[in-house]
There are 2 protein chains.
Amino acid sequence: MPVRISSTKHAARARGDHDGNSLRKAFYEIRELIVHGRLSPGSWIVEADLARHLSMSRTPVRSALHWLQREGYVIEHKNARKSRMIVAPLTKEDAGELYSIIGHVEGLAGRRTAALPKARRVELAGRLKTFNNQLREILTAKDSRAAGIFDLDRNFHRTIIESGAGPRLLALHKSIEPQAERYWRLYASSIINDLHLSVAEHDEIIAAIVAGDAERVERGLQANWENGCNRLAHVIDIFGERGSW
Amino acid sequence: MPVRISSTKHAARARGDHDGNSLRKAFYEIRELIVHGRLSPGSWIVEADLARHLSMSRTPVRSALHWLQREGYVIEHKNARKSRMIVAPLTKEDAGELYSIIGHVEGLAGRRTAALPKARRVELAGRLKTFNNQLREILTAKDSRAAGIFDLDRNFHRTIIESGAGPRLLALHKSIEPQAERYWRLYASSIINDLHLSVAEHDEIIAAIVAGDAERVERGLQANWENGCNRLAHVIDIFGERGSW
DNA sequence: ACTATACCGATTGTCTACAATCTTGGATAC
DNA sequence: GTATCCAAGATTGTAGACAATCGGTATAGT
């Protein structure tokens, strides 16, 4: 028998609050907080605090946190029965594994991209060149606005993946690749110095796609991430890790 | 101002219900229902029904469904604002992509396994041989109990991954590989006929590990999954897909 | 009979309340 | 002065209530 509550209370509350998708909003907003470092790596997460911050109840926040956990932004610190969430730390080791996985996932997708009909590959190469040339411009102009660079690089890769991957692989990529953004943002200023290397690697990847050489595309993508990882590792050595103690 | 409800109602309910982990229970039980086909591919999911079946409230069931969705057992059928969940269908195309991803993920892990010190590789090879020999026994004895075969094959692969993969890659494998079970169970009886091929492929993988040849280990694992996929595709052609219409 | 509309049941999304557990700080005993 | 235990606060986990919406069916208008 349901407990009947006088409804005045609920009637009083604003009705339009339900936009029908608080969960998504919570996920992206919290993710944003983590990526931008407003929730520092290793720090403590309290559901109620976030709920207040986002002006919603704990329910969608809680779901969003589970989601973030599955995607690796948040990790579970188990204590007996209760589980407490902390923001995933940024370590050199984790970066290495993450970049390696992304490289291989993209490599797999790149293989299929290389198997596309020639016409599509050429058209694709055209779009990729646009992105890469914009990067080159920023490079020569010394106009190092990090945001633009990041988006261009991301678009370059994403364009390749979306051309070749099936739904599963695409979903996998979409859930793993964004995590690199945390490392990128944290050490961006230093990484940009090596931008010319990445641009050159992109050229090689484009050439491989035009040639339709699956092996070469895969190697190129893997190399791009692996090199990026090495460059990142160097910076982490200098500036230290965050949130691991 | 919180609404105060007379507490007799709640007091009456059994207090011990909270074992502190309904979510996990819900996830595994629903997953079990899906894998064993009690919830058929393509069929409709109603949160309240599942909640009743598992004797818990919708809250943990709902979270579990989101989790299952993220792992690919369930897909979202979007309609305007509401989203309805259906059990993910089993198709030849999906199987192809799934097996390919698993092969590459294991390949990546296998690479690192091949880089372990020789002593550990030899010890590992010993354990792997045990599994594979048990498979061989079942093969010669014509004792085709599917369950045992499945577990042995899974243990073989899992042992390799756990030896080489880091936490991220391990988590990835744990979330992707179990999905192959759905295909395995559905078409098991027919797949078993080709068991000897898989056993031979395992021998090659073991040899590659002992040799410490990363490339060869990776190729071996990828080939094992790719061949498995082809054998599966053949069976699907005969028996048809499930849940896609 | 055929279409448009208004209701109604089914279902999902979100909220608050309650219960259980963990942590922390202090009071007390030795 | 230190160790131990207990109380109060903080936090998480689950339940059930409501609100919003979807989909279909009955009904009315033509």
Side-chain angles (χ1 to χ4, degrees), chain A residues 1-27 29-30 43-69 74-87, chain B residues 1-27 29-30 43-69 74-87:
Chain A
M1 248 67 81
V3 177
R4 199 45 58 114
I5 305 179
S6 94
S7 172
T8 52
K9 184 66 218 328
H10 290 279
R13 209 197 322 117
R15 284 287 174 50
D17 284 8
H18 296 197
D19 60 351
N21 216 342
S22 302
L23 199 169
R24 240 182 174 68
K25 185 187 166 197
F27 175 81
E29 295 226 14
I30 298 173
S43 81
W44 193 253
I45 295 183
V46 177
E47 296 175 358
D49 291 352
L50 281 175
R52 262 193 303 280
H53 181 73
L54 302 176
S55 357
M56 57 179 74
S57 87
R58 276 178 50 218
T59 308
V61 170
R62 189 177 170 71
S63 293
L65 284 176
H66 283 316
W67 188 357
L68 287 161
Q69 181 196 345
V74 155
I75 62 180
E76 200 175 17
H77 205 61
K78 290 193 129 166
N79 241 353
R81 303 199 178 179
K82 289 267 167 73
S83 86
R84 321 200 111 173
M85 304 270 209
I86 68 173
V87 180
Chain B
M1 244 70 83
V3 178
R4 201 42 62 112
I5 305 179
S6 93
S7 173
T8 53
K9 183 68 219 324
H10 289 278
R13 208 198 322 120
R15 284 291 174 48
D17 284 6
H18 294 196
D19 59 351
N21 218 342
S22 302
L23 199 169
R24 239 180 178 70
K25 183 185 169 199
F27 174 81
E29 294 226 14
I30 298 172
S43 81
W44 200 248
I45 295 182
V46 176
E47 296 175 355
D49 291 353
L50 281 175
R52 262 192 304 280
H53 181 73
L54 302 176
S55 357
M56 57 178 74
S57 88
R58 276 179 50 219
T59 308
V61 169
R62 188 176 171 70
S63 292
L65 284 176
H66 282 314
W67 186 359
L68 287 161
Q69 180 195 349
V74 155
I75 62 181
E76 201 174 18
H77 206 60
K78 288 191 141 170
N79 243 354
R81 303 200 177 180
K82 289 267 167 73
S83 86
R84 320 200 110 175
M85 303 269 208
I86 67 173
V87 180

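What you see below is based on every heavy atom in this structure, not just the backbone, and it leaves out hydrogens, waters and symmetry mates. Reminder, nothing fancy here: chain letters follow the sequence lines and each chain counts from 1.
- Distance CH2/A:Trp44 to CD1/A:Ile86: 8.5 Å, rounded to 0.5 Å.
- Rounding to the nearest 0.5 Å gives a distance of 4.5 Å between CE of A:Met56 and OG of A:Ser22.
- Summarising the geometry, the separation between CZ on B:Arg52 and P on D:dA15 is reported as 14 Å, rounded to the nearest angstrom.
- Considering every non-hydrogen atom in both A:Ser63 and B:His66, the closest pair reads OG-CD2, 4.5 Å.
- With the end axes of the helix from C:dA1-D:dT30 to C:dC30-D:dG1 each set by five pairs, the angle from one to the other reads 20° at 10° resolution.
- Distances shorter than 4.0 Å separate some side-chain N or O of B:Ser57 from OP1 or OP2 on D:dA15.
- By the side-chain contact (heavy atoms from CB on, under 4.5 Å) test, B:Leu65 pairs with B:Ile30, B:Ile45, B:Glu47, B:Leu50, B:Val61, B:Leu68, B:Met85, sequence neighbours left out.
- By the side-chain contact (heavy atoms from CB on, under 4.5 Å) test, A:Thr59 pairs with A:Ser57, sequence neighbours left out.
- Taken from OG in B:Ser83 to CD in B:Gln69, the straight-line distance is 7.0 Å, to the nearest 0.5 Å.
- In this entry the distance linking CG of B:Asn21 with P of C:dA20 reads 16 Å, nearest Å.
- In this structure, A:Phe27 places its CZ atom 17 Å from P of C:dG13, rounding to the nearest Å.
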Give every pair of a protein N or O atom and an N or O atom of nucleotides 10-12 of chain D that lie under 3.5 Å apart, one pair per line with the distance.
unit_1 : atom_1 : unit_2  : atom_2 : d
D:dT12 : OP1    : A:Ile45 : O      : 3.1
D:dT12 : OP2    : A:Glu47 : N      : 3.3

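- Annotation: salt bridge (Lys or Arg N to Asp or Glu O under 4.0 Å) contacts of B:Glu29 (sequence neighbours excluded): none.
- Partners of B:Arg84 according to the salt bridge (Lys or Arg N to Asp or Glu O under 4.0 Å) rule, which considers only residues two or more places apart in sequence or in another chain, do not exist here.
- The side chain of B:Leu23 sits closest to D:dT14 out of D:dA15, C:dT14, D:dT14.
- When the side-chain nitrogen and oxygen atoms of A:Thr59 are compared with OP1 and OP2 of C:dC15, none of them lie within a distance under 4.0 Å.
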